[in-house]
Each structure stands twice: as structure tokens, then as C-alpha cells.
Protein chains: 2
Amino acid sequence: MKISELASIAQVSVKTIRYYEQIGLLSPPIRTSNGYRHYQEKDIETLVFIRRCRELNIGLDDIKRLVDTQQDPKSSCALVDNIIAEQLARIQQTQRELALLEQSLAALASCCKSHQIKDCSILQTLKSA
Amino acid sequence: MKISELASIAQVSVKTIRYYEQIGLLSPPIRTSNGYRHYQEKDIETLVFIRRCRELNIGLDDIKRLVDTQQDPKSSCALVDNIIAEQLARIQQTQRELALLEQSLAALASCCKSHQIKDCSILQTLKSA
DNA sequence: CTTAAAGGTTACAGCCACTGGAAGGTCAAT
DNA sequence: ATTGACCTTCCAGTGGCTGTAACCTTTAAG
């Protein structure tokens with residue numbers, strides 16, 4: 001199949017597919033006589049796998065490790081476990097940070113009663129907190 | 001004061017100060033005869049203000065608007081209110097997205113009982129979920 | 001007086017994961 | 001013959017810095 005077919009089936013943009021090839025995440029497909037990329041059925045599977053990992057916010061380098069791991073049936077699950085666990089930890093850490101941010105912003109947002117910049121309590125707080 | 005003094009007082013890196021000047025967020029300071037940047041006391045205030053905004057994850061373009069607003073005492077608080085409210089909304093939206101991500105990752109992380117890649121339930125799930 | 005360290009300057013490249021656009025080749029239908 | 005959709009490559013831009021190189025100035029020590 002051609003690149004746009006793969007793109008629409010796997011729900012990934014054409015640009016992104018070429019980018020993944022460029023950085024070595026997808027192996028280069030064979031080319032037809034006119035130079036067009038020609039993909040196989042299994043490329044759908046790989047690309048959907050990558051898309052799901054991206055939806056979980058996993059970085060492309062980690063995804064590359066996961067894809068490589070899948071190629072080698074003898075390797076252990078430890079790497080996979082680690083990547084998922086670390087990603088979970090990162091997400092949780094970010095959540096904690098965002099909760100603090102939210103508190104600060106909410107406190108700021110509710111405190112401005114003035115209509116003139118010189119009395120704006122938001123700006124006052126940001127200047128001298 | 002010199003750039004490194006400003007940097008250590010305002011808790012912003014020297015690189016970042018020069019970058020802020022480059023993008024027009026900080027106005028260019030006067031130069032001493034040797035070409036070194038020479039900063040005033042008020043630059044500390046501005047830079048701390050910017051740093052606090054960044055800690056609230058506010059984008060540099062919005063920060064620029066806030067800084068400009070401060071220069072003009074006649075302008076109203078509406079812009080400030082808007083920027084803070086929008087930032088709060090963005091943070092809350094991100095929090096909702098991360099909560100979903102966390103659920104997905106937690107579900108994945110707890111389901112792998114195997115030690116061989118070919119049976120790894122994490123990879124199975126990611127391939128065919 | 002020389003020298004070395006510490007700090008200043010500019011300019012360019014890299015990070016992440018794409019995305020946009022230009023300039024051109026190919027294919028199917030009209 | 002031409003239109004329009006699709007393909008190709010390559011280069012640049014996004015945000016908010018950070019790293020590095022190459023060079024100049026100031027300051028302290030030997």
C-alpha cells in the first residue's frame with residue numbers, strides 16, 4: 001500500500017511516517033519503480049503500536065526500544081516493565097506539579113477586584129510574592 | 001550590575017537573560033565601554049516577574065503582554081484576568097488528560113506477569129488494544 | 001610582568017516531535 | 001492536453017531554552 005493509505009489506516013500523518021523513517025523508528029520500505037514507498041500489512045501493526053505508545057506520551061527513543069524488543073523474542077520483559085513504570089512515574093510527578101500550579105493560578109485569578117492596572121492585585125502579587 | 005549578578009539575584013540563567021533580550025522580552029540594557037551589558041535595579045523586578053510567570057507555566061508571548069501592560073498604567077485589568085484564566089483552564093485541561101493517561105499506564109503496568117517477551121501482556125495490549 | 005582563571009561577547013547548533021511549505025515528479029481521469 | 005491528487009526531497013520553524021566554539025576583558029596570583 002502507499003503511504004497515504006497506511007497513514008489513514010494507522011491514523012498517523014504522512015509527514016509523521018516519513019519522519020519516523022528518517023529517525024530510524026520505522027525501517028525503510030521497498031520502493032516501487034516510480035520511487036513511491038510501498039508498505040506491507042505488518043507496517044500497519046507497527047505504526048499503530050507506535051501511535052498507541054505516543055498516546056501514552058512515551059518518548060520516541062523509548063518507543064524505539066520497545067519496537068526493538070519486540071523483534072527479539074528472547075529478550076525479557078524487564079525493559080518493557082521499566083519503560084512503562086518510569087512513564088507512569090513521570091506522569092504522576094507532572095500531575096503533582098500541575099496541582100500546585102493550579103492552586104497558585106486559582107489563588108491569583110480570584111483576587112483581582114480592581115479595574116485599573118496600577119491597582120491590579122494579580123500584577124502586584126506576581127511582582128512581589 | 002553585570003549580567004551574572006542580575007542572573008544570580010533574579011535566579012535566572014545568564015543564557016536565558018540574553019535570550020529574553022533577543023526575543024524582545026527584556027529591553028536591551030546600556031553597555032559599558034567594554035561592551036558588557038549594564039543593568040539597573042528595576043531590571044531585577046522585571047526579571048523576577050517574568051520568572052514567576054514562567055513558574056506558572058505562562059508562555060513568553062503572554063508574559064510579554066503582561067510586561068507591556070504594566071508599562072501602561074491606563075490599560076485595564078481585563079487582559080491580565082484573561083491570561084491568568086486561560087492559563088488556569090489550560091492547566092486543568094492538561095490535568096484531565098494526564099489523569100486518563102495515568103489510568104491507562106497503571107492498567108498496563110500491573111498486568112504483565114510473564115518474563116518472556118512473546119507472552120508480555122504489556123506488548124500484547126499495546127499491539128491490539 | 002606574565003599568566004591563568006573567571007567572566008564577558010557573539011553566533012550557531014541542538015533538543016523534542018513533529019509541521020509547513022517550496023519545488024518538482026507521477027498518475028488517473030477528463 | 002490538462003487538471004488535480006498524490007508522491008518525492010529538502011529546508012525552515014515551533015518553544016524555551018541549553019551547549020559549544022571562538023574570542024575579548026578583567027582580576028588575582030606567582
Side-chain angles (χ1 to χ4, degrees), chain A residues 1-26 28-39 43 46-67 83 86-87 90-91 94 97-98 101, chain B residues 1-26 28-39 43 46-67 83 86-87 90-91 94 97-98 101:
Chain A
M1 80 194 75
K2 285 190 283 189
I3 195 169
S4 64
E5 299 176 70
L6 175 62
S8 77
I9 293 173
Q11 297 279 83
V12 172
S13 83
V14 168
K15 277 274 190 195
T16 301
I17 294 175
R18 284 195 282 247
Y19 172 70
Y20 285 168
E21 180 184 331
Q22 186 193 320
I23 62 169
L25 181 52
L26 283 178
I30 56 175
R31 301 283 184 133
T32 50
S33 55
N34 54 20
Y36 289 12
R37 289 170 177 83
H38 181 75
Y39 292 97
D43 294 317
T46 306
L47 198 49
V48 168
F49 175 82
I50 294 172
R51 198 200 67 213
R52 293 221 176 87
C53 290
R54 286 298 299 135
E55 285 166 0
L56 296 174
N57 219 29
I58 297 173
L60 291 182
D61 49 349
D62 274 343
I63 295 177
K64 189 157 166 40
R65 282 182 208 114
L66 290 177
V67 171
I83 288 176
E86 280 174 17
Q87 185 58 24
R90 265 194 294 272
I91 299 278
T94 306
E97 289 165 7
L98 286 189
L101 268 190
Chain B
M1 81 194 74
K2 285 190 282 190
I3 195 168
S4 64
E5 300 175 69
L6 175 62
S8 78
I9 294 172
Q11 298 278 83
V12 173
S13 85
V14 168
K15 276 271 187 196
T16 301
I17 295 175
R18 284 196 279 248
Y19 172 70
Y20 285 169
E21 180 185 332
Q22 186 194 320
I23 62 168
L25 182 53
L26 284 177
I30 56 176
R31 301 284 184 132
T32 51
S33 56
N34 54 18
Y36 288 12
R37 289 170 177 82
H38 181 74
Y39 292 97
D43 294 318
T46 306
L47 198 48
V48 168
F49 176 82
I50 295 172
R51 198 201 67 214
R52 292 220 177 88
C53 289
R54 286 298 299 135
E55 285 167 359
L56 295 174
N57 217 28
I58 297 174
L60 291 181
D61 48 349
D62 274 343
I63 296 177
K64 188 156 169 41
R65 282 181 207 114
L66 290 177
V67 171
I83 288 176
E86 280 174 18
Q87 186 59 23
R90 265 194 295 272
I91 299 279
T94 306
E97 288 164 7
L98 286 189
L101 268 189

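In what follows, every chain begins at residue 1, and chains take the letters A, B, ... in the order their sequences are listed.
Summarising the geometry, the separation between OH on B:Y19 and P on D:dG15 is reported as 8 Å, rounded to the nearest angstrom. Here the P atom of nucleotide D:dC17 and the CG atom of B:D61 are 12 Å apart, to the nearest Å. Atom CG of B:D62 is separated from atom P of D:dG15 by 11 Å (rounded to the nearest Å). We find that CD1 of A:I3 is positioned 10 Å from C1' of D:dT8, with the value rounded to whole Å. In this entry the distance linking NZ of A:K2 with C1' of D:dT8 reads 13 Å, nearest Å. When rounded to the nearest whole Å, the span between CE of A:M1 and C1' of D:dC6 equals 17 Å. Atoms CD (A:E21) and C1' (D:dT9) sit 12 Å apart, rounded to a whole Å. To the nearest angstrom, P of D:dG15 lies 17 Å from CD1 of B:I50.
A distance of 8.5 Å separates OG in A:S13 from CZ in A:R18, rounded to the nearest 0.5 Å. With rounding to the nearest 0.5 Å, the separation of CD1 in A:I3 from NZ in A:K15 is 10.0 Å. In this structure, CG on A:L47 lies 11.0 Å from CZ on A:R52, to the nearest 0.5 angstrom.
Recorded end-axis angle for the helix from C:dC1-D:dG30 to C:dT30-D:dA1 stands at 30°, based on five pairs per end and rounded to 10 degrees.
One N or O donor and one acceptor, one from the side chain of B:K15 and one from the base of D:dT20, sit under 3.5 Å apart.
A:R18 comes within 4.0 angstrom of a nucleotide base, judged by non-hydrogen atoms across all strands.
Projected onto DNA chain C by closest heavy-atom contact, A:S33 and A:S13 fall at different nucleotides, the more 5' of which corresponds to A:S13.
A salt bridge links B:D62 with B:R90; the closest basic N to acidic carboxylate O contact falls under 4.0 Å. The existence of a salt bridge linking A:D61 and A:K64 is excluded, since no basic side-chain nitrogen approaches an acidic carboxylate oxygen closer than 4.0 Å.
Without hydrogens or angle criteria, A:R51 side chain to A:A10 main chain gives a donor-acceptor distance under 3.5 Å. Without hydrogens or angle criteria, B:E5 side chain to B:K2 main chain gives a donor-acceptor distance under 3.5 Å.
The phosphate of D:dT26 (OP1 or OP2) has a side-chain N or O of B:N34 nearer than 4.0 angstrom. Contact annotation: A:S4 side-chain N/O to D:dA5 OP1/OP2 distance is not under 4.0 Å. Phosphate proximity of D:dC17 to B:R54: present, with a side-chain N or O under 4.0 Å from OP1 or OP2.
Among A:V67, A:I63, A:L60, the single residue meeting the side chain to side chain contact (heavy atoms under 4.5 Å, CB included) criterion with A:C53 is A:I63.
The minimum heavy-atom distance linking B:E55 with A:L101 is given by the pair O-CD2, 2.9 Å.
With a cutoff of under 4.0 Å to any heavy atom of chain A, the contacted region of DNA chain C is bounded 5' to 3' by C:dA17 to C:dC27.
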